[in-house]
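For the single chain, residues carry numbers from 1 onward in sequence order. These numbers come from a predicted model, not from an experiment. Side chains are part of it too, since the values below use all heavy atoms of this structure and drop only hydrogens, waters and symmetry mates.
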Amino acid sequence: MALAVGCLTSGGPGIASADGHGATASGGHGAIGNLFQQNIAQEHRQNNNCANPNTVIVQPGGPTATRCATGDASFNKRTVTKGGGSKATGGSGAVSQLVQQNTAQKGRQNNNCANPNDTLVSTGGSLTDSFCSNQNHSRNEHSATKGGGAKATGGSGAVGHLVQQNTAQEGRQNNNCTNPNQSDIVLAHGRPDDRCINQDRSHDKHTVSKGGGAKATGGSGLVSHLVQQNTAQEGRQNNNCTNHNDTFITTTTTEAQARCATLDHSRNEHTVSEGGGARATGGSGLVGHLVQQNTAQEGRQNNNCGSRNGLAVITSGGAQAQCVAVDKSRNIGTVHR
């Protein structure tokens, strides 16, 4: 049996205006016991939250395939987009096993894809194939975008097992892809193949983009096993890809392969970009096992790729990661602040 998961969002020609401060997801609390959560808040346009297993056992007999894509071929003229919302807040556990995925996405073409959290993937087939893609062929004239939202806050655990993925993304073409967190991937006869791609062929003329948001904050554990991935991305074409955190990968025949690319062929004339956000804050542990990845990216074409933290790989063919950023854009009279 083959397991396939596909998610696609697309945009066509049109003129749009949006003004919102909503999209709030809040997790519950657990004093004693097992607490499993996925808290997701998405706002505005082409946010894709796809194939993120949370405390799941996946055991197909054949290959597993995941496809998560956003495609934008829209035409936008004299548009105004205002944000300020999209908050995802995880719960807390006093004495318990606390496992969370808290995702807040705001803006345009944000892709949160194939990030297993505390998950076992075991297959006897050929490979596990994950493909996460953002494709932008839009035309934007005299448009303004204002941010300030997208906050993901993880909960805390006093005594217990605390596993979290806290992701906040704001802006345009942010790709958080194939970042397993305390997960086991066991392949009997094949390889894991991960591809995370951002491609921008847009044409932007007299546009203004203002940020100031995208905050991801991890929780703390007093006496516990604390494993976290806290990611905050703001701006344009930020790629957070194949960063394994406290993860075990076993393959008996071939190599583990990952490819992460950002490709910019856009044309920008008389545009203004203002930042001021993207904060990722990790938690603390007084007594226990503390493993974290805290990533904050702001601006344009930031590629955080193949950064393995607490990773064990057992394979006869080795492990390979390719990280590429190609900028062939044309910028005339542009301002970045």
Side-chain angles (χ1 to χ4, degrees), residues 5 7 46-52 64-72 103 105 109-117 121 127-136 165 167-169 171-181 183 185 191-201 214 216 229-247 249 251 254-266 278 280 293-311 313 315 317-329:
V5 179
C7 308
Q46 277 205 328
N47 292 306
N48 200 7
N49 188 61
C50 168
N52 301 303
T64 63
T66 301
R67 298 285 188 274
C68 307
T70 63
D72 188 354
T103 303
Q105 296 184 322
Q109 273 202 327
N110 292 307
N111 201 4
N112 189 50
C113 164
N115 302 301
N117 188 49
V121 179
L127 56 85
T128 60
D129 186 7
S130 299
F131 180 70
C132 309
S133 173
N134 288 328
Q135 304 287 334
N136 187 10
Q165 277 189 329
T167 303
Q169 297 187 141
R172 184 167 163 180
Q173 271 204 333
N174 292 307
N175 201 2
N176 188 54
C177 165
T178 65
N179 301 301
N181 188 48
S183 297
I185 301 172
R191 72 178 191 275
D193 188 3
D194 301 322
R195 287 165 290 170
C196 310
I197 298 173
N198 287 333
Q199 188 174 63
D200 189 354
R201 295 184 180 272
Q229 278 189 328
N230 304 309
T231 303
Q233 297 188 140
E234 183 186 71
R236 186 166 165 179
Q237 272 205 332
N238 292 308
N239 202 3
N240 189 55
C241 166
T242 66
N243 302 302
H244 303 82
N245 191 48
D246 197 33
T247 293
I249 298 178
T251 174
T254 58
E255 67 180 4
Q257 191 173 63
R259 286 163 286 177
C260 310
T262 60
L263 308 172
D264 190 352
H265 297 266
S266 65
Q293 276 191 331
N294 304 309
T295 303
Q297 297 188 141
E298 184 187 63
R300 188 164 165 180
Q301 271 206 330
N302 293 307
N303 198 3
N304 186 47
C305 161
S307 304
R308 287 147 182 170
N309 187 41
L311 171 68
V313 179
T315 174
Q320 183 180 21
Q322 297 176 350
C323 309
V324 178
V326 178
D327 188 355
K328 293 187 178 181
S329 63

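Disulfide status for C196 with C132: absent, SG atoms not under 2.5 Å apart. The SG atoms of C323 and C241 sit 2.5 Å or more apart.
Side-chain contact of S133 with Q135: a donor-acceptor pair under 3.5 Å is present, judged by distance alone. Side chains of R300 and S266: a donor-acceptor N/O pair is present below 3.5 angstrom, by distance only.
At least one donor-acceptor pair under 3.5 Å links the side chain of N52 to the backbone N or O of A114. With N179 contributing its side chain and N240 its backbone, the two residues share a donor-acceptor pair below 3.5 Å.
Taking CD of Q173 as the reference point, atom OG1 of T262 lies at 9.5 Å (rounded to 0.5 Å). In this structure, the separation between OG1 on T70 and CG on N48 is 6.5 Å, given to the nearest 0.5 Å. Put simply, CG on N243 and OG1 on T178 are 8.0 Å apart, with the number rounded to the nearest 0.5 Å. Taken from CG in N136 to CG in L263, the straight-line distance is 12.5 Å, to the nearest 0.5 Å. Note that CD1 of I197 and CG of N239 are 9.0 Å apart. Values are rounded to the nearest 0.5 Å.
Smallest separation of non-hydrogen atoms from N198 and N134: OD1-ND2, 2.9 Å. The minimum heavy-atom distance between Q293 and N245, with the atom names listed, is CG-OD1, 3.6 Å. Nearest heavy atom pair, residue T242 against residue C260, reads OG1-SG, 3.5 Å. C177 and N115 make their closest contact through C-OD1, 3.4 Å (heavy atoms, listed as atom of the first residue, atom of the second, distance). The two atoms that bring P180 and H244 nearest to each other are CG-CD2, 3.0 Å, heavy atoms only.
For D246, there are no salt bridge (Lys or Arg N to Asp or Glu O under 4.0 Å) partners, not counting sequence neighbours. For N302, the side chain to side chain contact (heavy atoms under 4.5 Å, CB included) test picks out N238, Q297, with sequence neighbours left out.
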Q | Chi angles and distances behind the salt bridge (charged side-chain N to carboxylate O under 4.0 Å, His left out) call for D264, R201 | A | CA-CA 7 Å; D264 190 352; R201 295 184 180 272; over 6 Å; no
(Q) The test is side chain to side chain contact (heavy atoms under 4.5 Å, CB included); show your working for D194 and F131 and say whether it passes. (A) CA-CA 6 Å; D194 301 322; F131 180 70; over 6 Å; no
